[in-house]
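From a predicted model like this one, the values you see are computed outputs, not experimental measurements. Chain letters run A, B, ... following the sequence lines, proteins first, then strands; residues in each count from 1.
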Protein chains: 2
Amino acid sequence: MTFAATRPAPSDARLDATGAIDDFGAIGVRMVFAGGEEIYAQDEEACMIYRVIRGAVRTTRLLSDGRRQIGDFYYPGDLVGLESGAAHRFSAEALGDCEILVIKKSTLALYGEDGARLERLMWAATSRELERTQEHLMLLGRKTASEKVASFLLDMARRVRGDQVQLPMGRQDMADYLGLTIETVSRMVTQLQSAGLVRFDSCRRFQIRNRAGLEDMVVA
Amino acid sequence: MTFAATRPAPSDARLDATGAIDDFGAIGVRMVFAGGEEIYAQDEEACMIYRVIRGAVRTTRLLSDGRRQIGDFYYPGDLVGLESGAAHRFSAEALGDCEILVIKKSTLALYGEDGARLERLMWAATSRELERTQEHLMLLGRKTASEKVASFLLDMARRVRGDQVQLPMGRQDMADYLGLTIETVSRMVTQLQSAGLVRFDSCRRFQIRNRAGLEDMVVA
DNA sequence: CGTTTCATTGAGTGCGATCAAGCCGTGTGG
DNA sequence: CCACACGGCTTGATCGCACTCAATGAAACG
């Protein structure tokens with residue numbers, strides 16, 4: 001099984017227009033980021049929250065010696081940057097070109113009743129974020145490499161309607177999310193494919209061939 | 001280096017009296033739990049929150065084949081059980097005898113302005129919880145065994161005033177928190193002690209001998 | 001067509017897990 | 001008071017999963 005790279009086109013973050021999507025109404029500014037661009041930095045003050053409109057985002061944390069951990073991946077509709085009271089523990093980066101609604105937290109207070117409603121939404125989102133992080137904890141602490149990759153692929157498949165799944169991230173990002181090396185991820189993918197559980201059409205596109213079998217790997 | 005067991009005395013959970021401590025005022029009921037007793041179960045509906053008054057609590061999650069992950073340890077003043085909207089992802093257990101203030105979430109609404117203030121407190125606590133969990137993520141995903149144990153001991157030492165630290169948990173709990181086996185934890189402790197970084201007077205009591213050296217192990 | 005970048009594969013290593021004693025402090029009963 | 005058993009901790013020997021190092025393959029781009 002051998003697939004190769006797809007490179008994102010580099011470009012500048014551009015201010016676009018005042019955003020206007022469902023829950024967050026006209027609050028905030030829409031921005032466009034190119035693949036790999038930083039949305040906010042680790043240790044930066046956390047005064048904004050970000051909502052993905054199009055594309056995908058990853059949050060990453062770097063150790064001084066270069067080891068990297070990805071906190072989570074975010075997709076259209078998700079809120080990014082809730083993580084903290086003061087400073088961001090992770091940085092956020094565009095994963096391929098994407099469009100982000102940037103909202104200043106302090107402005108929410110100006111919107112009175114609506115602002116309060118949005119704050120409740122943020123709390124709910126923070127709570128869900130915590131749940132996902134706890135699930136991630138279990139995966140990192142107590143699952144084997146093949147279980148990690150199987151869990152990940154199932155999780156990705158859950159997000160889409162059809163059975164074709166398009167991955168917005170490369171193998172290195174998967175590895176840094178799962179606490180593995182890129183080589184191990186690659187081997188596990190090959191192994192899952194050999195076992196007939198999944199089928200990769202290209203390195204970023206797959207379908208599940210045997211959902212029950214895949215779910216059995218994940219234990220519980 | 002060889003230390004042995006200290007066994008907790010078994011007893012029943014007893015209802016005590018209506019609690020009355022700082023922020024949460026007279027809301028809630030104080031209860032006493034014996035070491036090892038379950039405070040709430042995995043998958044149980046999450047309608048209560050719990051505040052540690054005395055003793056310590058661990059949250060744990062079990063995989064069907066017995067693998068266990070500890071989410072976090074909680075100490076006096078900490079809120080437990082914020083984790084979720086609907087059902088608890090982890091169970092909570094007393095770690096040695098302890099005293100817990102149990103608060104029904106729905107009653108907070110009855111307290112009007114005060115209730116709203118407490119809800120804000122809960123959000124802040126949820127946010128802090130998320131931060132701690134993210135730190136834990138980094139530890140599980142990208143740190144070595146010795147770094148994990150060193151991080152843990154530093155973290156425990158941060159909680160106390162003097163330089164004598166008393167651990168409320170045994171080696172198995174440390175292992176399940178750090179994503180290691182009990183044997184590896186034991187070896188790393190021995191190793192840190194041989195290196196002159198810490199000194200264990202008994203298996204649950206230690207002091208830091210070389211803080212800078214210990215901090216150097218943790219990378220960043 | 002060469003370069004670049006990411007993915008896959010192979011060979012060998014090492015860290016942490018597993019299996020198995022042994023140790024120590026505590027509790028129990030003669 | 002001592003003998004013994006029990007549970008938690010430590011230590012040793014060995015194993016194996018995932019990492020490391022290295023080479024190759026496959027697409028995208030100038």
Side-chain angles (χ1 to χ4, degrees), chain A residues 1-11 35-36 65-68 95-96 139-150 153 167-194 198-206 217, chain B residues 1-10 35-36 65-69 95-96 139-150 152 167-194 198-206 217:
Chain A
M1 211 179 61
T2 52
F3 300 120
T6 48
R7 193 169 331 156
S11 91
D65 65 354
R67 280 176 283 178
R68 193 176 74 141
L95 207 92
L139 179 143
L140 289 176
R142 289 302 183 205
K143 291 193 180 173
T144 65
S146 55
E147 288 170 342
K148 285 176 174 180
V149 173
L153 296 180
L167 296 174
M169 74 293 287
R171 293 289 184 269
Q172 186 63 61
D173 283 339
M174 289 175 56
D176 289 340
Y177 178 78
L178 299 173
L180 298 171
T181 60
I182 186 174
E183 295 95 332
T184 299
V185 170
S186 189
R187 275 184 251 273
M188 294 304 120
V189 163
T190 302
Q191 189 177 298
L192 290 175
Q193 176 152 269
S194 305
V198 297
R199 170 174 167 68
F200 276 76
D201 304 313
S202 78
C203 63
R204 294 217 179 184
R205 191 173 179 76
F206 75 98
M217 297 209 51
Chain B
M1 207 178 64
T2 52
F3 299 121
T6 49
R7 194 168 328 156
D65 65 354
R67 280 176 281 179
R68 193 176 74 140
Q69 178 66 47
L95 207 95
L139 178 143
L140 289 175
R142 289 300 184 207
K143 291 192 180 174
T144 64
S146 55
E147 288 170 342
K148 285 175 175 180
V149 174
F152 180 79
L167 295 174
M169 75 291 286
R171 294 290 185 267
Q172 187 64 61
D173 284 338
M174 288 175 55
D176 289 340
Y177 178 78
L178 299 173
L180 298 171
T181 60
I182 186 175
E183 295 94 331
T184 298
V185 171
S186 188
R187 275 184 251 274
M188 294 304 120
V189 164
T190 302
Q191 190 176 297
L192 290 175
Q193 175 152 272
S194 304
V198 297
R199 168 174 169 69
F200 275 75
D201 303 314
S202 79
C203 63
R204 294 214 178 187
R205 190 171 179 77
F206 74 98
M217 296 208 53

Return the value, rounded to whole Å, for the distance between atom [atom1] of [X] and atom [atom2] of [N].
X	N	atom1	atom2	answer
B:F200	D:dT11	CZ	P	12 Å
B:Q172	C:dT18	CD	C1'	13 Å
A:L178	D:dC17	CG	P	18 Å
B:R204	C:dT26	CZ	P	12 Å
B:R205	D:dG8	CZ	P	21 Å
A:M169	C:dT5	CE	P	22 Å
A:I182	D:dA18	CD1	P	17 Å
B:M174	D:dT10	CE	P	9 Å

Return the [atom1] to [atom2] distance between [X] and [Y], rounded to the nearest 0.5 Å.
X	Y	atom1	atom2	result
B:I182	B:R171	CD1	CZ	8.5 Å
A:S186	A:L180	OG	CG	12.0 Å
B:K143	B:M217	NZ	CE	10.5 Å

Exercise. State which residues pass salt bridge (charged side-chain N to carboxylate O under 4.0 Å, His left out) with B:R67; sequence neighbours excluded, sorted by chain then number.
Key: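 Expected list: A:E147, B:D65.
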
Practice problem: State which residues pass salt bridge (charged side-chain N to carboxylate O under 4.0 Å, His left out) with A:R142; sequence neighbours excluded, sorted by chain then number. | Solution: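 For A:R142 the salt bridge (charged side-chain N to carboxylate O under 4.0 Å, His left out) partners, ignoring immediate neighbours, are B:D176.
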
Any N/O pairs under 3.5 Å between the protein and nucleotides 13-17 of chain C? List them or say none.
residue: C:dG16; atom: OP1; partner: B:A145; partner atom: N; Å: 2.9
residue: C:dA17; atom: OP2; partner: B:T181; partner atom: N; Å: 3.4
residue: C:dA17; atom: OP2; partner: B:T181; partner atom: OG1; Å: 3.1
residue: C:dA17; atom: OP2; partner: B:T184; partner atom: OG1; Å: 2.4

Exercise. Specify the closest pair of heavy atoms between A:S146 and A:Q191, including all atoms of both residues, with the distance to one decimal.
Key: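 For A:S146 and A:Q191, the tightest heavy-atom pair comes out as CB-NE2, 4.1 Å.
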
Quiz item: Under 4.0 Å: is that the gap between some side-chain N or O of A:T190 and OP1 or OP2 of C:dT9?
Solution: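 For C:dT9, OP1 or OP2 has a side-chain N or O of A:T190 closer than 4.0 Å.
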
